[in-house]
S.K.: 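Here it is, the structure, as structure tokens.
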Amino acid sequence: MPLTVCTWNINSIRLREGLVLRLLREHAPDILCLQEIKSPLDKIPLAGFAELGWRHVVARGEKGYNGVAILSRIPLADAGHEDWCARGDSRHVAARLPDGTLLHNFYIPAGGDEPDPVANPKFAHKLAFLDEMAAHFAAAEGPQILTGDLNIAPREDDVWSHRQLLNVVSHTPVEVEKLTAVMRAGGWRDVVRELIPQGKLYSWWSYRARDWSASDRGRRLDHIWARGGPETRARAARILREARGWERPSDHAPVLAEFDI
DNA sequence: ATGGTAGTCGCACTA
């Protein structure tokens, strides 16, 4: 059966409930993975999503920061989460699909400004998080999909200027290397780049640009990966750049992949 | 080299 998976860093699910409803109405992904919902579980506005048909929810939330949610119109079982770096942050949640596929929704730490793990504890946290992911997924088995805001743009054509971002957190060689190690450990494939192998591709544009679209200084921070057999091969992928231009937008655009699982 | 914007909770922090 066709299965469309979407990932979107929403930057407050309460402030942008209307944008989530619009995405569900206009693009109807079977499963929507949200990050930075910035809400405790009991304050997520679920009623409107359920009314449209997205009745199944697996989520973790906290007040003010982080928070990940999986909204689905097909049944899901809560598959738990890992407490990465033992901080109690709401940065990961997993769900089991009816066919047995395991779906992960991640919000990897952004890592602060200074790309030095000694001077900047937030960057050290990001690197440690990636190391734990690599160790964890070394034991991965069976079909799995991994989505989320990974806060790393790994390829040269995932950023507006490879040269100018080499020392900017999100594109430094040490992060890219560790993200690549996570992929290798788990046997993950970058589903979006399998289908869109050529050209610049971004999913995030800073709020600080005067005109984000004209300057187009984007980065591809949001990803959809898959592991396992041919049943996990996607047949289409796209990034909804237009959503970055919606009213009071998130600084991230939704990323979609269509599977046939 | 700098500052630019956004969200949440408070009067600072994270992105």
Side-chain angles (χ1 to χ4, degrees), chain A residues 7-23 33-45 59-69 83-92 105-117 119-130 147-154 158-161 163-172 174-176 179 202-223 239 241-255:
Chain A
T7 180
W8 195 12
N9 178 318
I10 193 63
N11 188 18
S12 173
I13 197 170
R14 282 179 280 173
L15 193 70
R16 287 187 242 284
E17 177 189 3
L19 296 192
V20 174
L21 292 168
R22 179 171 176 183
L23 179 84
C33 296
L34 298 167
Q35 304 86 34
E36 279 206 273
I37 64 172
K38 294 186 173 176
S39 170
L41 287 186
D42 59 344
K43 295 223 166 75
I44 303 175
R60 292 185 62 221
E62 60 190 89
K63 197 168 83 169
Y65 300 101
N66 307 322
V68 284
D83 185 16
W84 309 93
C85 302
R87 291 177 173 238
D89 291 344
S90 298
R91 293 185 179 274
H92 172 231
N105 182 14
F106 273 96
Y107 175 50
I108 292 182
D113 288 330
E114 178 63 43
D116 174 357
N120 173 12
K122 285 188 269 192
F123 194 64
H125 178 212
K126 184 178 199 176
L127 299 183
F129 195 106
L130 291 162
T147 70
D149 177 3
L150 307 187
N151 266 315
I152 297 170
D158 289 338
V159 292
W160 65 274
S161 168
R163 186 178 59 82
Q164 288 179 257
L165 288 173
L166 266 174
N167 202 34
V168 173
V169 172
S170 74
H171 192 61
T172 65
V174 61
E175 294 165 81
V176 171
L179 190 72
Y202 313 137
S203 66
W204 174 88
W205 294 260
S206 173
Y207 282 126
R208 297 174 191 177
R210 278 187 205 89
D211 183 333
W212 69 272
S213 189
S215 58
D216 202 22
R217 296 185 167 191
R219 307 177 200 171
R220 189 173 69 104
L221 305 179
D222 304 275
H223 299 272
I239 298 182
R241 180 187 172 108
E242 68 202 61
R244 179 61 178 80
W246 288 353
E247 178 106 18
R248 289 202 84 183
S250 166
D251 45 354
H252 293 252
V255 180

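Per chain, numbering begins at 1; letters A, B, ... match sequence-line order.
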S.K.: Could you pick out which residue, Y207(A) or K122(A), lies toward the 5' side of DNA chain B when each is mapped onto its nearest nucleotide?
M.R.: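 The answer here is Y207(A).
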S.K.: Between dG4(B) and dA15(B), how far is it from one C1' atom to the other, in whole Å?
M.R.: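 So the two C1' atoms sit 14 Å from each other.
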S.K.: For the C1' atoms, the ones on dC13(B) and on dC9(B), what distance do you get once it is rounded to whole angstrom?
M.R.: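 Rounded to whole Å, the distance is 9 Å.
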S.K.: Does dT8(B) have OP1 or OP2 sitting under 4.0 Å from an N or O in the side chain of R16(A)?
M.R.: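 For dT8(B), neither OP1 nor OP2 has a side-chain N or O of R16(A) closer than 4.0 Å.
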S.K.: Looking at W212(A), does the NZ or CZ of R244(A) lie under 6.0 angstrom from its six-membered ring centre and within 45 degrees of the ring axis?
M.R.: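 Output yes; distance and angle both within limits.
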S.K.: What is the distance, to the nearest angstrom, from the CG atom on D251(A) to the P atom on dA6(B)?
M.R.: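 Nearest whole value for this atom pair: 10 Å.
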S.K.: Using the P atoms only, state how far dA1(B) lies from dT5(B), rounded to an integer number of Å.
M.R.: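 The answer is 22 Å between these two P atoms.
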S.K.: Can you confirm whether N11(A) sits close enough to Y207(A) that some side-chain heavy atom of one is under 4.5 Å from a side-chain heavy atom of the other?
M.R.: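 The answer is yes; the side chains approach within 4.5 Å.
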S.K.: On DNA chain B, nearest-nucleotide positions of P249(A) versus G111(A): which is more 5'?
M.R.: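 Here P249(A) is the residue nearer the 5' end.
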S.K.: Whole-Å distance between dT14(B) C1' and D89(A) CG?
M.R.: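 Rounding to the nearest Å, CG of D89(A) and C1' of dT14(B) are 12 Å apart.
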S.K.: Less than 4.5 Å apart, any side-chain heavy atom of K126(A) and any of V169(A)?
M.R.: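 Yes, at least one pair of side-chain atoms sits under 4.5 Å.
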S.K.: For a quick check under 3.5 Å, do S170(A) and E175(A) share a side-chain donor-acceptor pair by atom type?
M.R.: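 On atom types as modelled, these side chains do not qualify, holding no pair under 3.5 Å.
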S.K.: Check the orientation of H92(A) and F106(A). Use parallel for under 30°, tilted for 30 to 60°, and perpendicular for over 60°.
M.R.: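 It falls in the parallel class, under 30°.
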S.K.: What contact category does R219(A) fall into here, base, sugar-phosphate, or nothing, at under 4.0 angstrom with non-hydrogen atoms?
M.R.: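 No contact.
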S.K.: Between dT2(B) and dA6(B), how far is it from one P atom to the other, in whole Å?
M.R.: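 Their P atoms lie roughly 23 Å apart.
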S.K.: Send over the distance from N120(A) CG to dT14(B) C1', rounded to a whole Å.
M.R.: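 Spelled out: CG on N120(A) to C1' on dT14(B) is 12 Å.
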S.K.: Applying a 4.0 Å non-hydrogen cut-off, can you work out what R210(A) is touching in the nucleic acid: base, sugar-phosphate, or nothing?
M.R.: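 It contacts nothing in the nucleic acid.
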S.K.: dT8(B) phosphate, OP1 or OP2: any side-chain N/O from R14(A) under 4.0 angstrom?
M.R.: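 For dT8(B), neither OP1 nor OP2 has a side-chain N or O of R14(A) closer than 4.0 Å.
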S.K.: Nearest-Å distance, CD (Q35(A)) to P (dA15(B))?
M.R.: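 My rounded result for the distance is 14 Å.
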S.K.: From the set dT8(B), dT5(B), dA15(B), return the single nucleotide nearest to any side-chain atom of S12(A).
M.R.: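 Closest of the options to the side chain of S12(A): dT8(B).
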S.K.: Is the shortest side-chain N/O distance from K63(A) to OP1 or OP2 of dC9(B) below 4.0 Å?
M.R.: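 No, K63(A) has no side-chain N/O under 4.0 Å of OP1/OP2 on dC9(B).
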S.K.: Specify the separation, in whole Å, of atom CG of D113(A) and atom C1' of dC13(B).
M.R.: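 The answer, rounded to whole Å, is 13 Å.
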S.K.: Given the C1' atoms of dG10(B) and dT14(B), what is the spacing between them in whole Å?
M.R.: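 It comes out at 14 Å once rounded to the nearest Å.
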S.K.: Roughly how many Å is it from CG in N167(A) to P in dA1(B), rounded to a whole number?
M.R.: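 So the two atoms are 12 Å apart, to the nearest Å.
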S.K.: When the distance from NE2 of H252(A) to P of dG7(B) is rounded to whole Å, what number comes out?
M.R.: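 The answer, rounded to whole Å, is 13 Å.
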S.K.: So, is the end of the R219(A) side chain (NZ or CZ) under 6.0 Å from the ring centre of W204(A) and within 45° of the ring's axis?
M.R.: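 The answer is no, since R219(A) fails at least one limit relative to W204(A).
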S.K.: In this structure, how many angstroms lie between the P atom of dA15(B) and the CG atom of D149(A), rounded?
M.R.: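 Taking atom P of dA15(B) as the reference, CG of D149(A) is at 10 Å.
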